[in-house]
There are 2 protein chains.
Amino acid sequence: MPDEDLPAFDPKARTGGDRSARQRFEHIYHTLRTRICLLDYPPGERLREEDLAEEFGVSRTPIRRVLVKLEAEGFLRSVHGVGTIVTDIEIEELEQVYQLRVELAELIGRLMPVEPDNSKRAAFRELLSRCEGLVGKPDAREFARINMDFFHLLNSLTGNEPLREISERLYYQTTRIWLKTASRLSQYEEILMDEIRIFHREVADIVDAVNVGDLRVVGLIRRAHISMSFQRLRNEARRAYR
Amino acid sequence: MPDEDLPAFDPKARTGGDRSARQRFEHIYHTLRTRICLLDYPPGERLREEDLAEEFGVSRTPIRRVLVKLEAEGFLRSVHGVGTIVTDIEIEELEQVYQLRVELAELIGRLMPVEPDNSKRAAFRELLSRCEGLVGKPDAREFARINMDFFHLLNSLTGNEPLREISERLYYQTTRIWLKTASRLSQYEEILMDEIRIFHREVADIVDAVNVGDLRVVGLIRRAHISMSFQRLRNEARRAYR
DNA sequence: GATTTTCTTGTTGTGCACAACATCACGACT
DNA sequence: AGTCGTGATGTTGTGCACAACAAGAAAATC
């Protein structure tokens with residue numbers, strides 16, 4: 001749902017400015033958040049309000065609105081007289097976020113699980129096939145995109161709206177830092193291949209669990225994978241700095 | 001920490017406007033959030049940006065910044081051409097938030113618990129005595145304030161910063177709706193007295209657990225009380241509409 | 001030569017005027 | 001009498017000019 005204009009960097013992609021204020025706001029917000037998550041704006045990058053204003057064809061004012069929201073969610077930090085900077089997260093704090101995500105992942109299967117209908121099952125199957133294509137032709141950006149779509153699909157399995165909202169925010173936070181950290185490791189290509197394979201297995205496992213209809217199990221599988229994913233990243237990072 | 005100027009409605013209370021932009025922002029933000037939680041601005045209330053601007057001695061622009069953040073956190077909703085309205089929450093969604101809070105309460109005792117030092121223990125003792133004073137002289141607003149301080153103290157028992165942040169937001173959301181719903185019930189005075197007594201017991205139990213040093217138990221007690229508190233509210237509300 | 005000071009440049013923050021929008025009252029028309 | 005339209009009013013949204021601020025360069029001073 002959040003990723004419309006897929007090229008994501010093509011200014012022409014914006015389909016006319018005759019939408020309501022709220023729609024424009026949502027559009028700019030989702031676009032920027034996706035860019036941050038996909039590392040189009042990596043941690044440390046400085047965003048200029050005026051540039052963004054020009055790109056989206058508005059003045060600085062509505063842009064600032066979006067930036068304030070992104071700052072409230074921890075993606076940005078505006079400093080008077082300096083700039084608006086994409087936040088970075090140390091490994092210690094990242095671990096805290098992961099700890100929390102692990103618990104929330106299980107809650108998605110326990111709090112108000114929704115029976116997946118046929119369209120959802122179809123979406124899972126399609127995701128699995130995209131995943132299989134990825135195994136044959138590894139690509140970091142495509143991996144990130146599938147991972148993101150997969151998350152949103154999983155997240156829609158709980159009827160607990162606050163839980164969805166919070167999980168989403170934490171997902172974006174951890175994923176971008178995960179991507180950034182992984183991409184700086186020396187044996188990046190190799191690690192990426194492994195991760196894609198593991199991710200493929202996770203998707204396959206979860207699709208099975210969804211088909212059986214046991215969302216509790218989905219939560220447990222997901223929990224295990226999130227936890228292990230962070231462990232692997234931490235181990236690799238430790239090994240690299242020695 | 002969030003509640004400075006206690007009168008909370010006295011415009012003169014703001015101690016000079018020579019602070020930095022960020023400090024001003026935080027001040028206005030915390031002030032408004034506290035007012036929302038204490039029902040100075042009840043759900044449905046319409047806030048006028050110009051009034052707030054005048055009260056805090058600034059223009060509409062910095063006010064809007066605060067309002068955007070409060071909207072992102074679900075306390076407000078701005079509608080073009082209509083106004084900025086304090087959100088209300090239906091009992092169904094409130095239940096979802098409570099479900100989540102119940103789980104998070106337990107996590108506070110499990111994720112990175114911090115050993116309470118002497119100053120924290122003292123703070124707990126002081127809170128307990130304030131609580132005892134309240135039993136003798138029931139007062140809804142003072143009850144809300146103590147409850148809020150108690151929450152912040154408990155919340156400081158985990159080192160997991162994202163968890164703290166999220167728990168805080170959900171606390172403010174549920175507490176204000178709880179207060180609103182309770183205050184509309186017919187036997188409000190009686191219910192309030194009961195709640196104060198029960199809350200007093202909860203504080204006493206938790207102070208004991210803190211002194212023993214078992215934060216896991218703190219989480220469990222807290223979990224139980226949050227859950228029961230909502231159950232009581234729901235039962236009372238159901239009884240009232242019959 | 002080193003250090004302090006001042007100036008220049010670039011950025012976000014603020015204030016204000018106006019546009020866009022929703023709502024309601026009032027009146028014209030059927 | 002009812003219904004639609006039209007305008008008045010009040011609100012948030014936008015654009016723009018300028019203030020406040022930070023950082024680095026340049027210059028003045030010792």
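In the text below, chain A, chain B and the rest are named by the order of the sequence lines, each starting its count at 1. Since the structure is predicted, the reported quantities are computational estimates derived from the model, not experimental observations. Quick note: numbers below take in every heavy atom, side chains included, and nothing from hydrogens, waters or symmetry partners.
Phosphate contact (OP1/OP2 of dG15(D), side-chain N/O of S59(A), threshold under 4.0 Å): present. Applying the 4.0 Å criterion to OP1 and OP2 of dT12(C), one finds that T84(A) has a side-chain N or O inside that range. For R46(B), no side-chain nitrogen or oxygen approaches OP1 or OP2 of dG10(D) to under 4.0 Å.
One atom, CD1 of I63(B), and another, C1' of dT14(D), lie 18 Å apart when rounded to the nearest Å. To the nearest angstrom, P of dT12(D) lies 14 Å from CZ of R77(B). Taking atom CD on E54(B) and atom P on dT11(D), their separation rounds to 13 Å, with Å as the unit. Atom P of nucleotide dT14(C) and atom CZ of F56(B) are separated by 14 Å, given to the nearest angstrom. Regarding L52(A), its CG atom lies at a distance of 13 Å from the C1' atom of dT11(C), rounded to whole Å. Between L67(B) atom CG and dT14(D) atom P there is a gap of 14 Å when expressed in whole angstrom units. Distance, E50(A) CD to dT11(C) C1': 10 Å, rounded to whole Å. The distance between atom CD of E49(A) and atom P of dT14(D), rounded to the nearest whole Å, is 14 Å.
Remark on DNA chain D: of its neighbouring residues R60(A) and E71(B), the 5'-side contact belongs to E71(B), judged by nearest-heavy-atom nucleotide.
Between the side chains of S156(A) and R164(A), no donor N or O sits under 3.5 Å from an acceptor N or O. In the model, R176(B) has a side-chain atom that pairs as donor or acceptor with a side-chain atom of T87(B) under 3.5 Å. One side chain, E73(B) or Y29(B), offers a donor N or O that lies under 3.5 Å from an acceptor on the other.
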Pairs under 3.5 angstrom, nitrogen or oxygen only, protein versus nucleotides 19-26 of chain C, please.
from: dA20(C); atom 1: N3; to: H80(B); atom 2: NE2; distance (Å): 3.0

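Shown here for I191(A) and L185(A), the closest heavy-atom pair between the two residues is CD1-CD1, 3.7 Å.
Residue V58(A) has its side chain nearest to dG15(D) when only dG15(C), dT11(D), dG15(D) are considered.
Among the heavy atoms of the strands lying under 4.0 Å from L47(B) are primed sugar atoms or P, OP1, OP2 only; no base atom is included.
Remark: R239(B) engages E236(B) in a salt bridge, criterion side-chain N to carboxylate O under 4.0 Å.
Ring geometry for Y172(A) against F75(A) counts as perpendicular: the plane angle is over 60°, on a 0 to 90° scale with 30° as the lower cut.
Annotation: cation-pi geometry not satisfied between R24(B) and F56(B) (NZ/CZ under 6.0 angstrom from ring centroid, within 45° of ring axis).
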